[in-house]
Structures are given as C-alpha cells and as structure tokens.
Amino acid sequence: MSYLLLKDLFKRSSELMDTPVSIAGWIRTLRVSKNLGFIEINDGSFFSGVQIVFQDTIPNFEAVSKLGTGSAIAVNGKVVASPGKEQAFEIAADAIEIVGACDSDYPLQKKRHSFEYMRTIAHLRPRSNTFSAVFRVRSLLAHAIHTFFQDRGFVYVHTPIITGSDCEGAGEMFRVTTLDPKTPPLTDTGAVDFSKDFFGKETNLTVSGQLAVENFCMAFRNVYTFGPTFRAENSNTPRHASEFWMIEPEIAFAGIEEDMRMAEDMTKFIIRFVLERAPEEMKFFNAMIDKGLLERLELVASSDFGRVTYTEAIELLKKSGRTFEYPVEWGSDLQTEHERYLTEEVFKKPVFVIDYPKEIKAFYMRQNDDGKTVAAMDLLVPGIGELIGGSQREERHDLLLRRIEELGLKKEDYWWYLDIRRFGGCPHAGFGLGFDRALMYLTGMTNIRDVQPFPRTPKNAEF
RNA sequence: UCCUCGUUAGCUCAGUCGGUAGAGCGGGUGGCUGUUAACCACUAGGUCGGCAGUUCAAGUCUGUCACGAGGAGCCA
C-alpha cells in the first residue's frame, strides 16, 4: 500500500484535480454535523494539512465522527476544488480507514500551547505546527551544510564521540566508563584506577572535534566534521544544551582571510538554501515567531560582511557614548551587549571581528606578528551576536609548544596534535558553528530546547 | 552556580482585605448539510507543587525544598 505524501499532493494539486488519491496522516482537527464532516490531516511531509470532506454515505460514518485529534487515518478519495475560503482544494472521501484511534487524553489541543508545556510532551510536539516546521527546517539545514561542503570538495570526517584526550579544553566533560561506581578498582594511592576501565584510560564524550579534524586536514586539505558534542557545564540558559551539534570545517594551505570567506559564503548559502526550500515554514516563522525574521535573513544573505579588528572595535565602543553594563577595555572579552551594538548599530549587518588579544583566546590560535594578538575571528550577526568563532591555527611547532607550556597544559597530552606541526605542517584555519544556534537564528526560535528533538539540559533527560 | 519571577482542573489562566475554588479551551453526552481554533445545549473533572510554621481560619502570610522560566556567568 502506498499513500501519496501531502508534499506531493500540494505540488501536483492542479494536475491531480478530479482524480482519485490515497493519503494517510494524523488528524489535526475534526468537525462534524449530522451527515457530513470535515477532517484536517497532516502527514508531516508538508507545512499545510489537507481538508477531508466525508458524508454519511461512507460505511463507518459514526465511528469516524467520533475520532479525536491525533488519530491516524488513511483516506481514499478524490481531489476536488474546495468551496471553502481557507483552501483551494480538498479530498472528497470515498472511504476512511481508522488506522490508529487516539485516546481522549491526547495532550495536544487545537489551540496554542506554551513552549514550556510542549517540552514536557517532547514525544508529541513534532505533530504541532511550530515544531513540525522547526524539525523539517532542522533536517533541511543539515542538508544545506552537507551540500555546501560536499559541493566544494570537502571531505566529511567522523571525528570520535568518545575521546581519550581530556585536553580539548572547552569546559566540563561527561565521563565514559564501565567501572562500577560503587566499587571501582583503586590504585595504591586510593584513586580510581582507570587503567582497569574499558579503554584502559580515562575517556569522555567529546566537547569538540577540532583537534581531530585538524589532523585530517593535513591529509585531505579541505575537511569538515559535523556531529554531536557534549558539555557537562551547569548552564541554565536558552542558548545552552548539554548535547548539541557542531559544524567544524578546516582548510589547509589557507589563512584567516580564506577562513572568513568560507564562513561568509557558508552563512549566505545556508540561508538561501532554507529560504528557497522551506518557504511555507519560513513564512510561518516570520508571521508567528519573529516578525523581522525574513527581512533580517535577506539582509544577511545579500550584504558584504563587515571587517573590524578587535582593537578598532574597542575604539568604536569607547567612542559610542553608550554606557554598557560591562566596561569596555582592551584585553577583556566582548560581551553580548558589545557584540550586538557593533553588528546592529554600528555596522547594521554581519561583521567579522579579528585579531583578538591572545590572552582571551585558545592556545591553538596563530600568533600575529605584533606578539599581542592572535588570528582569531568571530562572526557577529544582528539579532543574536556571535554566530561563528574561528581562527588560523598555530602551525609553528615551537610557538605552539611555548603557548602550551605558558598556559600550564601538559605537552604529553598533545603529542599527536603537535606531531602534525613536525610532519609537513602548513598554514591552516577553521571555524566552529553551533548547529542548533544556527537553527535558532534561521527560525527565530529563542530557546535551544525548542529546536532540538529531545533536548538534554541540566536535570532533564526524560525522553 | 548566582539573581529575579513563577507553580491553582488535562491545557491557558483568574481568584479582591486571610473566611473551604472560577472561566475559556479540551473531555463526555445530545443537536446541527459546507465547516476553518466551527457552532448551540447539558455534564464530569481540584490534596491550590511538597513539607513545616503563623492564625479561630491559609490558594492567599512566613520559612524551606523541588521543579519551571527569564537574566548573568561559561560558551557553541
């Protein structure tokens, strides 16, 4: 048995007019009077649902009339022009099969629910308009990312999810172990003996694929990793989750300029890709979630991104005459309020801030000739602030080693990372983009928990 | 982790000065031949987040814990 997807029904509606079709989906709403009724079903393949009209001439009229929202049905019928105002066509049903009835305590109603409530029914929320649209766009955005890089010859690298290095340096990690927490093996000094653990050493879930992807970059030139990352930080904000996806491209024989060009091209590409392929969803977000969304995305997709050095940015902020909650001073990191001022009020478009003080950036970023700054870049965009963070990597073995020692890191932990600086090292650069945050930016959704299918946050892993 | 605000019917909320609880939607039953969050009538449904305290009396005041949301920090 094969049912037409509603996506295809809508695409081919004029050609299918007055012809028989079979469709299947879940009831969104049902209205019935004495001897005719209306059902709207949606199968998740398309933003809109389709209206089914049924008369008491179908054999199970009584049973169908009693169905509630959420029931699964299959319909044989004919595509006909609709006299109603809300839709161009509808399905005149010849037969309706009740595939799966829905208990009366189905929690999704035909009205607006709060996002907070929807999070408590994460197994059902993809059946609602907003979440249905969010998760179709999420899938599309992943497609866009892969298309952008694959079309440009990048090699997709599956960097490990379980890592043996605790040196990725980006926050608290989740430990991976098969040891019994009640009676772990102990060393002579009483510490847990991880040499007896599954991998023979301490292992964790990855917080970033960057160090691994840099190695592959030294073999394939242009690579990217796109996968889940994990942070055990107790962050309780609408922008943080304990599990999230990151995109991390890395390019060899290239520097910060090429890195920025790639970031700009990719940002514009994914926006256009989603606008073109999910116009119904994007219109819905613009109307119901975030009124300025389409205008803002069009602006970003069509403008040349600005450039400013960190030092210049500090000057601009100091001269702004604005009082910020956090003081502006060379050497301290830009706060969200500073970033938004720069991109929204000074430049009024996306802007790269480059050449940050080395003290506030990671050890692997390439030192500039001034000895004070590193070749780092952050992409700031209106409405959200930082979207992408990247850098040219330090390819000079001696300088990288010195930086590791300055920061008190253990060079033994980085032996393989340092090795690629000895065995044919070359200038290379890359960036990281939080996939879920990019999706928030594209949809106007303001909480990361509402763009992830089953979000993991502190104290929440119910689903 | 810190600060602020919340938690009352399945959902969204109201509840006055402290005096034993209300609406809309949803559910159930019935009605209706073109509906669009259909409509109309009837109806069931509550340990007011937990625990302690003040009081003759607590949904209402106090303390505390849990959970949720927003802001901050950390960051993606």
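Naming: A, B, ... by sequence-line order, numbering from 1 per chain. Computed from a predicted structure; not experimentally measured.
When each of A/Tyr106 and A/Lys66 is assigned the nucleotide of RNA chain B bearing its nearest heavy atom, the one mapping closer to the 5' terminus is A/Tyr106. RNA chain B is contacted by both A/Pro107 and A/Lys34; A/Pro107 maps to the nucleotide lying nearer its 5′ end (nearest heavy atom per residue).
Picking from B/A72, B/G28, B/U1 the nucleotide with the shortest atom distance to the side chain of A/Ser104 gives B/G28. Of the candidates B/U33, B/C75, B/G34, the closest approach to any side-chain atom of A/Arg231 belongs to B/C75. Side-chain atoms of A/Tyr326 lie closest to B/A72 of the nucleotides B/A72, B/G28, B/U36. Closest approach to the A/Asn447 side chain among B/A69, B/A72, B/U33 is made by B/A69 (side chain taken as heavy atoms from C-beta onward). Here the side chain of A/Gln109 is nearest to one of B/U35, B/A69, B/C25, namely B/C25. Of the candidates B/U35, B/C74, B/U1, B/U35 carries the atom nearest the A/Gln87 side chain, counting heavy atoms from C-beta on. Out of B/C25, B/G34, B/U12, the shortest distance to the side chain of A/Glu90 is found at B/G34. Closest to the A/Pro238 side chain, of the nucleotides B/G73, B/G71, B/U33, is B/G71.
No side-chain donor from either of A/Asn204 and A/Thr163 sits under 3.5 Å from a side-chain acceptor of the other. Side-chain contact of A/Ser48 with A/Glu280: a donor-acceptor pair under 3.5 Å is absent, judged by distance alone. Of the N and O atoms on the side chains of A/Asp43 and A/Tyr3, not one donor lies less than 3.5 Å from an acceptor on the other residue.
A/Gly432 comes within contact range of no nucleotide atom at all, as no heavy-atom separation falls under 4.0 Å. Among the atoms of the strands shown, base atoms are found under 4.0 Å from some heavy atom of A/Gln51. A/Ser114 comes within 4.0 angstrom of the backbone, heavy atoms only, and of no base. Among the atoms of the strands shown, none is found under 4.0 Å from any heavy atom of A/Arg28.
Under the Watson-Crick or G-U wobble criterion, with both distances below 3.5 Å, B/U29 is paired with B/A41. Across all strands shown, B/C75 forms no Watson-Crick or G-U wobble pair with both distances under 3.5 Å. Shown here, B/C5 forms a base pair with B/G68; the pair counts as Watson-Crick or G-U wobble because both key distances fall under 3.5 Å. Under the Watson-Crick or G-U wobble criterion, with both distances below 3.5 Å, B/G18 is left unpaired in every strand shown. Pairing of B/C11, defined by two Watson-Crick or G-U wobble distances under 3.5 Å, is identified with B/G24. For B/C51, the paired nucleotide is B/G63, the pair qualifying as Watson-Crick or G-U wobble because both relevant distances are below 3.5 Å.
For residues 438-460 of chain A, the side chain to side chain donor-acceptor pair (under 3.5 Å) pairs, not counting sequence neighbours, are A/Arg119-A/Asp450, A/Arg125-A/Asp450, A/Asp436-A/Gln452, A/Asn447-A/Arg449. For residues 346-355 of chain A, every residue pair satisfying the side chain to side chain donor-acceptor pair (under 3.5 Å) rule, not counting sequence neighbours, is listed here: A/Asp355-A/Asn368. For residues 59-71 of chain A, no residue pair satisfies the side chain to side chain donor-acceptor pair (under 3.5 Å) rule, not counting sequence neighbours.
The distance between the ring centers of A/Tyr341 and A/Phe324 falls below 6.0 angstrom. Between A/Tyr414 and A/Phe363, the gap from one ring centroid to the other is short of 6.0 Å.
Rounded to an integer number of Å, the gap from CD of A/Glu339 to P of B/C75 is 12 Å. For A/His113 and B/G68, the NE2 to P distance is 20 Å, given to the nearest whole Å. When the P atom of B/G28 is taken as reference, atom CG of A/Asp105 falls 10 Å away, rounded to whole Å. Rounding to whole angstrom units, CG of residue A/Leu433 and C1' of B/C75 are separated by 14 Å. The CG atom of A/Asn35 sits 9 Å away from the P atom of B/C32 (whole-angstrom rounding). Rounded to a whole Å, the CD1 atom of A/Ile388 is 18 Å from the P atom of B/C75. Atom CD of A/Glu116 and atom P of B/U7 are 13 Å apart (whole Å). Across the protein-nucleic acid pair, A/Leu124 atom CG and B/G10 atom C1' stand 13 Å apart, rounded to whole Å.
Here, B/C3 and B/G59 have their C1' atoms 27 Å apart, quoted to the whole Å. If you take atom C1' in B/G68 and the same atom in B/C56, they sit 36 Å apart, rounded to whole Å. Nucleotides B/U29 and B/G45 place their C1' atoms 15 Å apart, quoted to the nearest Å. For B/C39 and B/U35, the C1' atoms lie 9 Å apart once the distance is rounded to whole Å. Here, B/G30 and B/A69 have their C1' atoms 42 Å apart, quoted to the whole Å. B/C61 sits 15 Å from B/C48 when the C1' atoms are compared, rounded to a whole Å. Taking the P atoms as reference points, B/C51 lies 15 Å from B/A66, given to the whole Å. Atom name P, nucleotides B/C25 and B/A37: the rounded distance is 14 Å, in whole Å.
With a glycosidic angle further than 90° from 0, B/U55 counts as anti.
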Which atom pairs link the protein and nucleotides 45-49 of chain B when you take only N or O atoms and keep those under 3.5 Å?
none

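Relative to the six-membered ring of A/Phe46, A/Lys11 misses at least one condition, a distance below 6.0 Å or an angle of at most 45° to the axis. Remark: A/Arg152 qualifies as a cation-pi partner of A/Phe269 under the 6.0 Å distance and 45° angle criteria applied to the six-membered ring.
The ring-ring contact (aromatic ring centres under 6.0 Å, His included) search around A/Phe226 returns A/His146, A/Trp245, A/Phe435, not counting sequence neighbours.
Not a single donor-acceptor contact under 3.5 angstrom links the side-chain atoms of A/Asp56 to the base of B/U33. Taking only distance into account, the side chain of A/Ser235 never meets the base of B/C75 through a donor-acceptor pair shorter than 3.5 Å. Looking at A/His240, its side chain comes within 3.5 Å of the base of B/C75 through a donor and an acceptor atom.
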Item checked: Protein proximity profile, nucleotides 37-42 of chain B - base contact B, sugar-phosphate-only contact S, no contact -, cut-off 4.0 Å on heavy atoms -> BB----
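Rounded to the nearest 0.5 angstrom, A/Lys34 NZ and A/Phe61 CZ are separated by 10.5 Å.
The shortest side-chain heavy-atom distance between A/Leu433 and A/Leu379 does not fall under the 4.5 Å cut-off.
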